[in-house]
Amino acid sequence: MHAFAYKDGALCCEGVKLANIAEAVGTPTFVYSKKTILDDVAELQEALAPLGAHVAYAVKACSNKAILNMMAKMGVGFDIVSGGELWRVINAGGNPTLCTYAGVAKTEPEIRYALEHGIYCINCESENELREINRIAGEMGIKAPVAVRVNPHVDAHTHKYITTGTNENKFGVDITRIEELYATIAAEMPNLHIKGLQMHIGSQLTEVEPFVKAIQKVSPIAAKFKELYHIEFWSIGGGIGIVYDGCLASGQPEWWAARPEQITIRSYAEAIIPLLKPLGLKILIEPGRRIVGNAAVLLTRCVYEKKGEAKTFKMIDAGMNDIIRPALYEGYHEIWPVAEHKGDTITADIVGPICESGDFQAQNREIADVKPGELLAEMSAGAYGFSMASTYNSRPLAAEVLVDGDKWHIIRHRQTLEQMVQGECLPE
Ligand SMILES: *Cc1c(COP(=O)(O)O)cnc(C)c1O
């Protein structure tokens, strides 16, 4: 449950009026609720306690230092996908020995950096990569901890750009080849320590069923690897979905009661615990979106409106450079006025300032008939929001704010124009 709601006509995050933040730091600004994040982490930890499961937060969903630091203090580990993310985790006070390292194209400097810092495990995606890590570990005179990502070929029923667990994706090693590959590691790669097994079937899964299917399919292999190679852990990946359509209402318990099919941390845990417990392996989960997705909004301001022949457009000061999800994979975000409206709605496209037709946040959407100058909140913007932002069209990166009860703190200053061009230079 998140902490965004109208109070006396003003949209608030916890005890803070969003309008006050906009006045102080301007727009566009990402506003995160500390309580929402900490509650969700605690709920996951508690729900999976019967498995002794460990949460490895997927840093790429939202990698602000203040947010990583909050999680590190709760004993959370981190699932990283680059040397840069590992650097961020260490810089934010996280523990590299609780980190797993995923990704299909890790480079030699990244692999060395992770091994030097005692990474918990490198989750590999190809035989080539394993051989490279074996070579590097040999040079370093160590045994590198590795797991392989198995692709269970299960349909995650999610958008095609964020499904990862079928044999048409670039990720992982096909389930039909995984046993042969582990045998090859054991026989031919003496500098690797086979530490576990990993999978991740996709993102934004709104039902429990694909998780159950994948676990059932891979369980016999995990059990076999425990026997043969004494693996210590099985990471079952991330992917738990959040509410986008219905986000504001989902802050209330009644919303959930009316939708028993929507995945919750509880229904996820209840479905997977009986399947995993008998294996006696340490279970890792790698949630990203589920922890931060509903925990933030993007505060933006309506700049102009235009009534065309066919459509009405509301132009806002946030663009696809600030949040690319609608353009990249048809991501849906609710958009609410910060000052509550009563009744007056209009069907409009909410579009940004970027010179691209793909720069929209909503199309043909029934929303409050906001006027230029009014503030809007784009909901569920915490995951794959700021972390995917760019300066396209030379728009400095947005500010980020963390709300804690009735206080708020800047956790990233808005980028200045000078900072935006830092690093650029004329040829000698
Ligand atoms: C992106 C990713 C995750 C997190 O996915 P969410 O849908 O945000 O939970 C977990 N594991 C791996 C390997 C990933 O690439």
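Computation of the quantities below employed the complete heavy-atom set of this structure, encompassing side-chain atoms and omitting hydrogens, waters and symmetry-equivalent molecules. Ligands are counted one by one from 1 in listed order, and the atoms in each one are counted from 1 as well.
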> Just checking, any donor-acceptor pair under 3.5 angstrom between side chains of Thr100 and Asp79?
Replying inline: yes
> Quick one: which ligand 1 atoms are inside 4.0 Å of a heavy atom on Pro287?
Replying inline: 9 (O)
> Counting each atom of ligand 1 from 1 as listed, which ones have a heavy atom of Asp79 under 4.0 Å away?
Replying inline: 11 (N), 12 (C), 13 (C)
> Is Glu286 close to ligand 1, meaning an N/O of one under 3.5 Å from an N/O of the other?
Replying inline: yes
> Between CD1 of Ile263 and CD1 of Ile242, what distance do you get to the nearest 0.5 Å?
Replying inline: 12.0 Å
> Looking only at protein heavy atoms, which one is nearest to atom 7 (O) of ligand 1, and how far off is it?
Replying inline: Ser203 OG, 2.3 Å
> Less than 3.5 Å between some nitrogen or oxygen of Gly239 and one of ligand 1, yes or no?
Replying inline: yes
> In ligand 1, which numbered atoms sit nearer than 4.0 Å to a non-hydrogen atom of Gly238?
Replying inline: 9 (O), 10 (C)
>> If we set the cut-off at 4.0 Å for heavy atoms, which region of Arg289 has an atom near ligand 1: side chain, backbone, both, or neither?
In response: both
> For atom 8 (O) of ligand 1, what is the nearest protein heavy atom, given as residue, atom name and distance?
Replying inline: Tyr384 OH, 2.6 Å
> Heavy-atom contacts under 4.0 Å between Asn123 and ligand 1: side chain, backbone, both, or neither?
Replying inline: neither
> Using heavy atoms and a threshold below 4.0 Å, how should the contact between Ala58 and ligand 1 be classified: side chain, backbone, both, or neither?
Replying inline: side chain
> Is Ala383 in contact with ligand 1, taking contact as a heavy-atom separation below 4.0 Å?
Replying inline: no
> Below 4.0 angstrom, N of the basic side chain to O of the carboxylate: do Glu188 and Arg131 qualify?
Replying inline: yes
> So, Gln204 versus Tyr244: side-chain donor-acceptor pair below 3.5 Å or not?
Replying inline: no
> atom 15 (O) of ligand 1: which protein heavy atom is closest, and how many Å away?
Replying inline: Lys60 NZ, 2.7 Å
> Near Arg149, which atoms of ligand 1 are under 4.0 Å from a heavy atom of that residue?
Replying inline: 13 (C)
> Would a distance-only check, ignoring hydrogens and angles, find a side-chain to backbone donor-acceptor pair under 3.5 Å from His54 to Leu284?
Replying inline: no
> Are the side chain of Glu85 and the backbone of Lys60 linked by a donor-acceptor contact shorter than 3.5 Å?
Replying inline: yes
> Going through the distances and angles, do Glu110 and Ser82 end up as a side chain to side chain contact (heavy atoms under 4.5 Å, CB included)?
Replying inline: CA-CA 7 Å; Glu110 289 179 308; Ser82 70; 3.7 Å; yes
>> Between Thr300 and Asp317, do the side chains contain a donor N or O and an acceptor N or O under 3.5 Å apart?
In response: yes
> Which atoms of ligand 1 are found less than 4.0 Å from any heavy atom of Ala102?
Replying inline: 13 (C)
> Under the side chain to side chain contact (heavy atoms under 4.5 Å, CB included) criterion, do Gln45 and Val55 qualify, and how do the steps go?
Replying inline: CA-CA 7 Å; Gln45 287 175 330; Val55 176; 4.1 Å; yes
